[in-house]
Each structure stands twice: as structure tokens, then as C-alpha cells.
Amino acid sequence: MDGAVVATGFDVARVRQDFPILSQTVRGKTLVFLDSGASAQKPRAVIDTMVRTMETAYANVHRGAYNLSEKATAAYEAARAAVARFLNAADEREIVFTSSSTAAINLVAHSYGRGVLKAGDAVLISEMEHHANLVPWQMLRDAHGVELRVARVTDAGELDMADVEAKLEDGRVKLVAVTHMSNVLGTVTPAERLATLAHAHGAKLLLDGSQAAVHRRVDMQAIGCDFYVFTGHKLYGPTGIGVLWGRMELLERMPPFLGGGDMIAEVSLERFLPASVPAKFEAGTPPIIEAIGLHAAIDYVESIGMTAIEAHERTLVDRATTKLSAIEGLTLMGRAQDRGGVFAFALDVAHAHDLATLLDRTGIAVRSGRHCAEPLHARFNVESTCRASFGLYTTVEEIDYLAEALVKAREFFS
Amino acid sequence: MDGAVVATGFDVARVRQDFPILSQTVRGKTLVFLDSGASAQKPRAVIDTMVRTMETAYANVHRGAYNLSEKATAAYEAARAAVARFLNAADEREIVFTSSSTAAINLVAHSYGRGVLKAGDAVLISEMEHHANLVPWQMLRDAHGVELRVARVTDAGELDMADVEAKLEDGRVKLVAVTHMSNVLGTVTPAERLATLAHAHGAKLLLDGSQAAVHRRVDMQAIGCDFYVFTGHKLYGPTGIGVLWGRMELLERMPPFLGGGDMIAEVSLERFLPASVPAKFEAGTPPIIEAIGLHAAIDYVESIGMTAIEAHERTLVDRATTKLSAIEGLTLMGRAQDRGGVFAFALDVAHAHDLATLLDRTGIAVRSGRHCAEPLHARFNVESTCRASFGLYTTVEEIDYLAEALVKAREFFS
Amino acid sequence: MFDDLRDLYQEVILDHGRKPRNFRRLEDADRHARGDNPMCGDRMELWVKLEADGRIADAAFQGKGCAISMASASLMTETVRGKTPAEAHALGDTFRALAMTGTCPDCGAELADDMERLQVLGGVSEYPSRVKCATLAWHTLNNALDDKQEAASSE
Amino acid sequence: MFDDLRDLYQEVILDHGRKPRNFRRLEDADRHARGDNPMCGDRMELWVKLEADGRIADAAFQGKGCAISMASASLMTETVRGKTPAEAHALGDTFRALAMTGTCPDCGAELADDMERLQVLGGVSEYPSRVKCATLAWHTLNNALDDKQEAASSE
Ligand SMILES: Cc1ncc(COP(=O)(O)O)c(C=O)c1O
Ligand SMILES: Cc1ncc(COP(=O)(O)O)c(C=O)c1O
């Protein structure tokens with residue numbers, strides 16, 4: 001199961017050594033971790049940075065006129081700057097730290113949704129959204145009288161752009177909120193085209209980059225969207241940290257979401273005056289250690305290089321497509337042209353949970369169920385699937401091993 | 001600055017060895033960390049637990065039918081059980097993990113506030129609230145037409161119980177939300193009496209235990225309140241994790257707050273059905289590593305024993321009261337009977353920020369400003385204060401050193 | 001590759017999973033309940049017919065889910081026939097203990113025969129995330145016997 | 001105990017902090033601005049009177065805050081008198097660089113005299129959280145000269 005130097009010039013064997021957990025065994029078998037799409041493992045650089053912070057430079061941030069707090073504040077704000085560079089944001093202040101992608105989308109749904117959108121306006125999502133980019137808009141619809149429209153997904157698992165356009169036609173859609181990469185189908189959506197289309201119809205565009213930001217270089221200037229969210233734990237960073245990027249002029253127009261310390265400029269018992277962006281959206285003690293850990297994760301990813309990561313992943317995707325397609329009785333969900341390293345599949349003779357348990361016995365960790373995308377499973381008429389998703393430490397050999405195990409599993413259950 | 005075995009039988013010197021950061025020097029001086037009220041330092045046990053989790057047992061929780069995810073899920077749920085024991089909650093499911101106290105109070109303000117309270121109902125807070133327990137209620141008032149009442153604080157810095165009672169009189173107050181311990185005055189409020197009083201007038205009681213839970217044993221059965229919140233980073237745990245405890249029957253009646261993965265039982269494009277408590281309130285990937293770290297913090301605190309911690313703190317409070325009261329030109333804010341280790345003060349000849357900078361030069365870390373309690377400073381007619389707050393690693397010698405430094409600082413600025 | 005998985009997926013389970021017994025609707029049932037583990041997607045409906053003296057005359061179910069949940073429901077419907085509701089509750093408690101711990105210290109002589117049949121599901125205790133698949137049927141039975149309206153769940 | 005703090009709190013600063021110069025309202029001011037660092041609570045109001053040719057005839061302020069912010073405003077009002085707005089802006093930029101880095105590489109000969117007087121505040125660079133106290137007055141001056149209505153802030 002050791003990785004080899006693959007054609008891309010990316011030394012996956014060396015990369016694997018950066019991740020302590022990968023040397024674990026599971027019930028006596030080498031761990032083959034194929035659930036990075038749910039949450040990625042953490043490189044030593046991230047772990048060490050968090051430890052160093054807690055051991056040498058920890059205090060609450062902002063307002064502290066003493067050395068440790070100044071150090072912690074500088075590190076926290078350096079993390080913001082690192083995220084801004086990572087996304088190529090125009091201004092660091094456009095980076096708002098939240099606790100997850102879910103929290104970031106809810107922030108927009110509450111603040112932009114209730115504060116800027118009006119009853120009668122519409123929000124357009126798609127059939128392939130993660131629940132995090134579905135339920136907040138259902139709540140907004142129910143609480144605020146905003147219409148919720150859902151763009152179709154084609155049989156190949158791509159966003160139906162003709163349907164998107166048709167649903168934008170009447171100009172009532174004021175916000176398009178879609179995934180940049182499906183966590184089930186692997187589909188990467190055409191971000192730039194979506195931005196152009198949305199803007200042409202008077203709508204803003206929010207992209208859920210929870211998956212995409214891990215697999216691609218994402219550039220706010222190039223894409224031209226208006227909001228972008230991602231989550232730290234899928235990008236090899238800690239849990240408890242997420243990011244909302246928004247255009248300055250939008251963030252400035254939005255009312256605060258959560259109330260508390262640090263988000264106010266002035267407060268009396270009668271009223272409060274919100275602080276400026278981004279403080280306005282960061283109520284209370286932020287995830288300090290986690291933001292600093294995310295900074296280390298971004299540095300780590302960039303030290304390898306997004307281009308190398310993308311190329312490595314293309315190799316994995318090609319191999320997985322070939323190998324999995326060849327397995328009798330296995331149905332792959334989604335076969336988009338532009339896709340990342342996420343494969344959901346069903347086996348004719350076994351329920352997804354039974355299959356996952358079986359694979360676990362061989363050391364392979366895959367997720368089973370509906371992957372927080374129940375409507376998408378309904379769309380494809382599938383009760384549940386197993387999902388293998390890749391990280392930058394995933395090897396071609398692991399994919400071969402998965403394919404082999406699936407063939408054997410089919411024999412086992414037949 | 002080394003701690004000695006104090007009268008309580010609590011070996012503070014040994015305790016200090018558990019905190020790697022305490023051996024730091026600041027500009028060549030030994031660190032005297034007196035800002036634990038803003039955020040506490042982390043013992044090695046917490047740091048090691050987080051590292052071990054990331055190195056050996058990390059994966060996303062719930063839904064994962066494979067070994068690592070089962071391990072992570074078990075550890076995450078064990079953290080919930082530990083918090084339930086720590087608070088003596090009747091049922092583990094009453095423990096909701098959030099990202100902070102601030103997030104927990106906002107959850108109640110949104111979900112209970114908009115979902116259960118009606119326009120015309122009133123919420124009663126006090127003049128000594130942290131902004132986290134003020135601004136969310138102002139937002140609720142403005143958005144939902146709930147009246148916001150504010151109970152007075154006496155000149156001694158205690159909650160004016162007669163005023164509380166008067167404001168409950170007409171029966172329109174449906175929720176009392178007050179601090180269990182002031183982060184500025186150190187005042188501990190009479191929790192049991194508040195519960196009895198609130199209930200007698202048909203109101204529920206939320207206690208903001210962000211400070212109190214660190215200094216006292218807090219027992220949900222004994223207090224009889226309805227909601228309790230605290231935050232991990234002040235309890236020697238990681239940032240990014242907070243706790244809401246609520247009575248089962250209330251949590252069950254409350255609508256969800258944030259939408260996303262894991263908080264739904266069923267979802268179609270048309271509608272969603274919330275999951276049961278506590279999943280209903282934990283949308284998205286939770287702060288997994290942080291919850292597990294909080295568990296280690298609770299174990300650590302309990303290994304020392306809340307009784308010993310309380311006794312040690314009483315020694316510190318007595319010493320600080322004596323020493324600080326003796327300093328010419330120094331005004332202490334608050335002199336409540338029942339108080340914890342938080343002291344806010346102003347020096348006649350120096351602005352709080354200048355004083356904090358001066359103290360920093362001697363290695364002493366204190367906070368300066370209004371400590372997220374602007375209305376309280378207005379109430380006491382003070383522009384800003386310095387605040388020294390103690391942790392279980394604070395020593396009597398550190399307090400003496402602070403007093404000495406304050407005397408010298410006064411000379412310096414005079 | 002999967003040899004050591006035979007402890008969980010014994011032939012009996014695969015067989016009951018593929019061809020569950022008593023997989024039908026009982027039109028003249030006295031009791032009825034639904035079971036639902038939304039997170040894993042296991043779902044079932046259970047019908048029970050009672051004798052005049054309150055004993056279980058017949059039990060049948062329909063539903064969909066993994067092999068474990070189907071096999072467990074199938075074995076349960078076979079095992080509870082002829083039992084009083086109290087006996088069925090007790091058996092369910094013992095089965096849950098088995099599913100969670102893998103051992104059955106409480107298995108007194110009076111439960112020995114039944115538990116022997118159910119023992120094939122004991123391997124599930126090694127797979128914490130799957131325990132709830134095995135116990136859903138028994139939670140559903142409790143709700144049916146207690147005439148509870150809400151759907152049972154073992155999550 | 002605080003000997004090495006004399007680099008920050010030099011006697012000049014303590015003196016200006018205690019008795020700020022030009023601490024008054026200018027009734028016939030041509031320009032006016034507010035400065036506000038809400039997080040630290042430093043707050044000031046600044047008035048500027050201009051000559052016919054646009055040079056600064058007089059500058060005065062009122063406000064409250066820490067010694068650093070008061071001393072900086074006091075020193076500023078003394079230093080900018082007689083300067084054109086462009087010169088005042090340039091001086092402010094240089095001062096901000098000094099406050100942030102502690103050094104003043106750009107201090108050309110034409111700024112040398114003024115910067116020498118302001119140099120006493122250079123020690124603030126070692127205290128990142130206090131830099132904004134030192135620069136608030138200069139942000140406020142910019143706003144006054146540019147006739148901006150919103151309150152200036154250096155946070
Ligand atoms: C009394 C009190 N309430 C609430 C909070 C908010 O806690 P957090 O910032 O962790 O949300 C604090 C601390 O900042 C506090 O002292
Ligand atoms: C596409 C997508 N969106 C949103 C999320 C939610 O991320 P989080 O759970 O970290 O909030 C996920 C992952 O769970 C995802 O894959």
C-alpha cells in the first residue's frame with residue numbers, strides 16, 4: 001500500500017509520511033483512508049502549529065495590550081491574510097472566520113437572506129447540493145417568504161445550465177447558491193459561467209467550495225463570484241473553523257448575524273452599533289487555535305502546490321474511473337466531464353452499509369449512506385451509496401486495492 | 001514567581017508544571033498570566049489529547065461505518081457524556097455542542113426567542129451582562145418585538161434582587177437571562193434564588209456560566225435553571241467549542257437554528273424534518289477535535305477537584321482584596337459578598353491601556369478596556385479598567401507581585 | 001480477503017438478509033408500529049397478532065435496509081411467536097445487551113434457546129455503528145406491544 | 001521595575017499626555033473631524049484653521065484616551081502648523097511607518113526636524129496593540145484635511 005512516485009512528479013510516498021495517522025492499522029490491516037471528502041487527515045505541520053500555539057503563544061485575541069495577546073492576535077490575523085492569498089481575495093477584510101462551511105452558509109442565509117433579500121425574491125440552488133446548502137435556504141423560504149428554486153442535474157450528473165438559465169429568466173432570482181464541486185458526484189460546476197449568467201440576470205452568486213477548494217486553485221478575482229465558503233477540516237486543517245469570503249460592498253451592506261463581544265463598535269443598554277467588516281460577523285471568542293491551524297494547512301498545501309495536487313488527482317480520477325467501471329454489478333453515480341476525486345457507487349448484491357463494513361475489514365474506510373445529499377439520491381433513485389473520496393495522500397495502489405476488494409465483496413454477498 | 005503549597009492543600013507548583021506556556025518569559029520577565037478570565041491556558045493533558053486524536057483516531061463523526069469514524073464518534077459522544085456529568089445534567093442528550101458561549105446564547109435567542117417567545121413577551125437581563133448576553137437579546141427585541149428589561153446592579157456590584165422581582169411582577173417576562181458570574185465584577189449571582197423567582201413568575205432561567213463554570217461546581221439539578229451555557233477555552237480547553245445545556249422538554253419544543261447536515265431526520269427539496277435532540281442543534285461537522293479536547297480539560301479539572309480549586313481561589317480572592325484595597329489611588333470595581341477571582345480596577349493617574357502596557361513590561365498580562373461590558377462601565381461611570389483574573393495556576397506570589405507593580409506604576413505615572 | 005468477516009456475516013444472516021422470513025403485511029394485526037433509523041436509512045413496518053391471552057400469535061414485517069437489519073427483523077419475528085409481551089420485552093433487552101457487548105451474561109436458562117438462535121448477530125458488537133441496525137426491529141416491537149404511535153428508532 | 005519602559009513612556013510623552021498642548025476647541029476652524037478607536041475607547045475631535053494659501057494656520061483637539069493617544073495628538077498639533085495639506089499627509093505617512101516599524105528610513109532631510117520631535121513615539125512599535133493609539137490623531141487629521149465626514153479610526 002505504499003505510494004510510489006507517480007507520473008506527475010508528485011512524491012506521494014513522501015507526502016504520506018507527513019500524516020501520522022496513515023501509518024495506523026485497522027483490525028490488523030493497513031489503513032486505506034478513502035473518506036477525505038467527509039474530513040481529511042491532518043499533516044504534522046498542522047498538529048505542530050496548534051501545539052506550538054498552545055504552548056508558547058496563546059491568549060485571547062484583540063483588545064489585549066500585552067505580549068501574549070499581541071502574538072496570538074498577530075497569528076490570528078496572519079491566518080486571515082493567508083486565506084485571502086489562498087483565495088486571491090482583493091482585501092483581507094473580506095475573509096470572515098466561521099466555525100464551518102455550514103455556519104458560513106447559514107450566516108449568508110440569515111444576514112444577506114433576511115437583511116437584504118425581500119419576500120418575493122428567489123434563491124436558486126441545485127439538485128446536487130449538500131444539505132448545508134439546502135436546509136438554510138428552506139428555512140429562509142419558510143421564515144422570510146423567499147422563493148426557493150432548484151436547478152436540475154442531468155443524468156450525467158452535471159448542472160443543467162439550460163435549466164439554470166431558464167430559472168433566472170424572469171429576473172426574480174437575486175441569489176444563486178450552488179456547489180462548486182459535488183460531494184457525491186465529484187462534478188465540478190462551471191463557476192465562471194455561473195457568475196456571468198447570474199450577474200446578467202441581476203443575481204449574486206454564492207459558491208459552496210467545501211469540496212472544490214481542496215482539489216483546485218480557486219481564485220475569487222478569476223471566478224467573479226460574490227460569496228465563497230469552505231471548511232477547514234476538509235483542507236487538512238482542524239475542525240471548528242470555516243471561511244466565508246464575500247465582496248466588501250456586500251459584507252458592508254449586510255446586518256450582523258450573531259451578537260456578542262467584538263462584533264460591536266459601541267453598545268448601550270438601548271442599542272448597539274455594529275463594528276466594521278469582518279469583526280461585525282465574528283461575535284465572541286473566535287476559533288483562534290483553529291484559524292492558526294488552518295493557516296498551517298494552507299501553507300502545507302501550497303508547499304506541495306495546487307498544480308501538483310490537481311495533476312495527482314487527475315491520475316487518481318482516471319484510474320478510479322477505469323477500475324470501478326470494470327466491476328460487474330457496480331453502478332457509478334455521476335460521470336461528469338469535469339470532476340474531482342469523489343466516487344459514489346452502489347453494488348447490486350449488497351446494501352451500502354454492509355459493503356462499508358466489509359471494506360472496513362480490509363482496512364478501507366469509505367462512507368456509506370446518502371452523504372448529506374438526500375434529494376440527489378432521490379433524483380438518481382438510489383437508496384444509498386458507498387463513497388470513496390481522495391486526498392493528496394491517496395495512491396493509485398489504494399484505488400487498485402479498493403477495486404479488488406469490491407470484486408471480492410461481490411463474491412462474498414452473492 | 002514559583003507557586004508554593006498554599007493553605008488549601010492544593011499544590012499550585014505542581015499544577016503549574018502541567019501548563020507548558022507558564023514557563024515562558026515575556027521580554028525577559030517570567031510570565032505572570034492574569035487574563036484567564038478572557039481565556040485560560042491549556043494543560044498538557046488537553047494538548048496531548050488533541051494531538052493523539054489527530055494522530056490516531058480522527059475521522060468525521062456519525063454515519064461512518066468504519067473503524068476510525070466509529071472511534072471518533074465514540075470519543076465525541078464520550079465528551080458529551082463528560083459534560084453531562086460535569087454539569088450533573090439529567091440526560092446526556094441535553095448537552096448541545098456549539099462553537100462558544102456566544103454561539104450558545106445566540107442559539108437560544110434565535111430558536112427559543114423567535115420560536116417560542118411571542119411579541120409582547122419580555123426578556124430580563126441585567127446591567128452586568130457580557131455583550132454576548134446582551135446583544136443577541138437586543139437583536140431579538142428589534143426583530144421579533146420582544147421587550148427587553150434590564151435589572152439593576154447595586155453599587156456594591158451585586159444583582160439588585162428587589163429590582164429583579166419588581167421586573168418580574170407583571171408576569172410578562174418569559175425568560176430571565178443573566179450571568180452566573182460577572183466577568184468584570186467577579187460577582188456570583190444567586191442562581192438558585194433566581195431560578196425559584198423566575199419560575200414563580202412563569203419565566204424560564206438561562207444562566208451564562210462562561211465564568212462561573214470555571215470557578216465553581218455547577219449542578220443543573222441543584223440550581224434548577226432551564227438553560228446553562230459555558231465556553232471551552234475558559235475552562236482550560238480549546239477554542240472553538242462551547243456548550244448549551246437545556247432541559248429536554250424545552251429543547252424538544254425549540255425549532256432548529258442552523259440548517260445543514262446531521263440536523264435533519266429527512267429532507268426533500270420541498271421540506272425537511274428535524275432530527276431529534278441534540279442532533280437537531282448541531283448542524284454540519286461539529287468541532288470534533290475541540291469537543292474531545294474539552295473532555296480532557298474537564299477530566300483535568302476534575303482530577304484536581306472543584307472543591308480544591310474553589311478553596312485555592314478563595315485564598316487568592318482574599319489576598320487580592322487585601323492587597324489591591326491597600327493601594328493608594330486605586331479603585332476596585334465591585335465588592336460583592338459572593339465573588340470569584342476577577343478584579344477590575346482603575347488607577348487615578350494612569351489610563352487603563354497605559355497601565356496594561358506598563359504591567360506587560362514586568363511580565364504581567366492583564367486585560368484593559370471595557371471587557372465586553374460597556375453598559376456596566378457606564379453604570380459605574382468608568383471609562384475603562386484593567387482586569388486581573390485568576391486561573392487554577394495563579395499563585396499568591398503573583399498577586400503580591402501585581403500589587404507591587406501597581407504601586408510602582410503609580411509612582412511612574414505621577 | 002473477508003474470511004474473518006464470517007463472524008459478522010454468518011451464512012444464516014446473509015440468508016435471512018436475502019430472503020427474510022415473515023416478510024409480509026398482516027392484514028388482521030392487533031398491533032402495528034414503524035421503525036426508522038433516518039441516519040442509516042433502515043426503515044421497517046411491523047405487525048403483530050395477539051392470542052386471546054395476550055401472547056404473540058404472529059409477527060410479520062416489511063421494510064428495507066441493510067442485511068443486518070433485515071436479518072434481525074426476520075429472526076425476531078420467528079423467535080417471538082408464542083411469547084407474552086413481557087417475555088418479548090425481556091428477550092429484546094437481552095438481545096440489545098448481546099448486540100452491544102457481544103456476550104450474554106444474563107442469558108438465563110429460560111432464554112437460552114431463543115438466544116442461541118439470535119447469537120448469530122452477536123458479531124455486530126464489534127461494529128459500533130452497526131449495532132443500531134441489529135436492534136431496530138426490537139425497538140419497533142416494543143413500540144408495537146406498548147401501542148406507541150411514534151416511529152421507533154435505535155439511533 | 002519599569003526602567004526599560006522609558007523608551008516608550010519618555011518624559012516628553014508623559015508630559016504631553018498629562019498636559020496636552022492645543023487641547024481646546026477652535027471656534028473659527030475651517031476643517032473639523034472626529035477620530036474614534038472604539039475597541040480601545042480612544043476618542044478625539046480635531047479642528048484645523050487654514051491660511052489663505054491653504055497652509056495649516058492652527059490645529060487643536062479635544063478628547064480622551066490613553067497617554068499615547070493624547071501625547072501623539074498634542075505633538076501633532078504642534079508639528080503640523082505652517083505645513084501645506086500635502087506636507088501634512090506626507091508627514092503622517094512617515095509617522096505611521098515610524099510607529100509601526102520603529103525606524104524611519106524615509107525620513108528625508110526635509111522631514112528630519114519634524115520627525116525628530118515625533119521620534120519620541122517610536123517606542124510604540126514594540127507594542128503592536130498600542131500602535132493604533134499613536135496613529136489615531138494622524139488618521140483624524142487626514143480626514144479633516146480631506147473634508148471627510150465619517151469618524152476616522154486606526155483600528
Ligand atoms: C460572562 C461571559 N459571558 C460570555 C462570554 C463569551 O464567551 P465566548 O467569547 O467564548 O463566546 C464571556 C467571555 O468572553 C464571558 O466572560
Ligand atoms: C459540498 C459540501 N458543502 C458543505 C459541507 C459542510 O461542511 P461542514 O460540515 O464542515 O460545515 C460539506 C461537507 O460536509 C460538503 O461536502
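Chain identifiers are assigned alphabetically (A, B, ...) following the order of the sequence lines, protein sequences preceding nucleic acid strands; residue numbering begins at 1 within each chain.
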| remark: Assert top hit (heavy-atom pairs under 4.5 Å, partner chain A, pool B:A38, B:S23, B:A356) equals B:A38
| Exercise: identify the closest heavy-atom pair between B:Y58 and A:A40 | CE2-O, 3.4 Å
| task | Could you give me the CA-CA distance, side-chain angles and deciding distance for A:I21 and B:M54, then say whether side-chain contact (heavy atoms from CB on, under 4.5 Å) is met? | result | CA-CA 7 Å; A:I21 207 170; B:M54 291 188 270; over 6 Å; no
| request: Please name the pair of heavy atoms, one in B:R141 and one in A:E270, separated by the smallest distance, quoted to 0.1 Å. | output: NH2-O, 2.7 Å
| said: For the CD1 atom of A:I241 and the CD atom of B:E290, what is their distance to the nearest 0.5 Å? | reply: 9.5 Å
| field | Interface moiety of A:P256 toward chain B, non-hydrogen atoms closer than 4.5 Å | value | both
| said: With rounding to the nearest 0.5 angstrom, report the CD to OG1 distance, B:Q24 to A:T56. | reply: 5.5 Å
| Short question: side chain of B:N67, backbone of A:V26 - any donor-acceptor pair under 3.5 Å? | no
| Atom group of A:A373 that falls short of 4.5 Å from chain B, counting heavy atoms | neither
| remark: Bottom line for A:A378: the part with an atom under 4.5 Å from chain B's heavy atoms is neither
| said: For the interface with chain A, which of B:G240, B:P375, B:G284 has the highest count of heavy-atom pairs at distances below 4.5 Å? | reply: B:P375
| message | If I measure from the heavy atoms of chain A, does B:H62 come under 4.5 Å with its side chain, its backbone, both, or neither? | response | backbone
| query | Going from OH on B:Y66 to CG on A:L34, what distance comes out if it is rounded to the nearest 0.5 angstrom? | reply | 9.5 Å
| said: As an exercise: rank A:A132, A:P255, A:C386 by heavy-atom pairs under 4.5 Å with chain B and give me the winner. | reply: A:A132
| field | Whether A:S39 side chain and B:A59 backbone form a donor-acceptor pair below 3.5 Å | value | no
| remark: Ranked by heavy-atom pairs below 4.5 Å to chain B, first place among A:R271, A:K71, A:K234, A:M263 goes to A:R271
| Which pair of heavy atoms, one from B:T285 and one from A:S100, lies closest together, and at what distance? | O-CB, 4.4 Å
| task | Under the side-chain contact (heavy atoms from CB on, under 4.5 Å) rule, what do B:I47 and A:M50 come out as? Steps first, then yes or no, please. | result | CA-CA 9 Å; B:I47 300 172; A:M50 293 171 73; over 6 Å; no
| note | Honestly, the part of A:V366 sitting under 4.5 Å from a heavy atom of chain B is backbone
| Given that the side chain runs from C-beta out, which part of A:S69 has a heavy atom under 4.5 Å from chain B: side chain, backbone, both or neither? | side chain
| message | Closer than 3.5 angstrom, by distance alone: can the side chain of A:N106 be matched with the main-chain N or O of B:G259 as a donor-acceptor pair? | response | yes
| request: Mind listing the closest non-hydrogen atom pair of B:V135 and A:I264 along with its distance? | output: CG2-CG2, 4.0 Å
| Are A:E55 and B:K42 close enough for a salt bridge, meaning some N to O gap below 4.0 Å? | no
| message | Only pairs of heavy atoms separated by less than 4.5 Å count here; which of A:Q138, A:E127, A:H131 has the most with chain B? | response | A:Q138
| request: Working to the nearest 0.5 Å, report the span between CE of A:M139 and CZ of B:F272. | output: 4.0 Å
| If every non-hydrogen atom of B:T102 is compared with every non-hydrogen atom of A:G260, which pair is closest and at what distance? | CG2-CA, 4.2 Å
| query | Non-hydrogen atoms of chain A under 4.5 Å away: do they reach the side chain of B:L68, the backbone, both or neither? | reply | side chain
| field | Flag if over 12 foreign heavy atoms under 6.0 Å of CZ, A:R152 | value | no
| request: Measure the CG-CZ distance between B:L269 and A:R149 for me, rounded to the nearest 0.5 Å. | output: 15.0 Å
| query | Of the backbone (N, CA, C, O) and the side chain (C-beta and beyond), which part of A:R370 lies under 4.5 Å from a heavy atom of chain B, both, or neither? | reply | neither
| Using non-hydrogen atoms only, which part of B:A109 is less than 4.5 Å away from chain A: side chain, backbone, both, or neither? | neither
| What part of A:R44 gets closer than 4.5 Å to chain B, counting heavy atoms only: side chain, backbone, both or neither? | side chain
| query | Which answer fits A:V267, side chain, backbone, both or neither, if we ask what part of it has an atom under 4.5 Å from a heavy atom of chain B? | reply | both
| remark: Smallest heavy-atom separation, B:A65 atom then A:S368 atom, equals CB-OG, 4.0 Å
| request: Just say parallel, tilted or perpendicular for the rings of A:F257 and B:F257, cut-offs at 30° and 60°. | output: tilted
| query | Atom OG of B:S99 and atom CG of A:L258: how far apart are they, to the nearest 0.5 Å? | reply | 7.5 Å
| task | Against chain B, label A:E266 side chain, backbone, both or neither, depending on which of its atoms sit under 4.5 Å from a heavy atom there. | result | both
| B:N60 and A:H233: CA distance, side-chain angles, deciding distance, side-chain contact (heavy atoms from CB on, under 4.5 Å) verdict | CA-CA 9 Å; B:N60 212 328; A:H233 67 95; 3.8 Å; yes
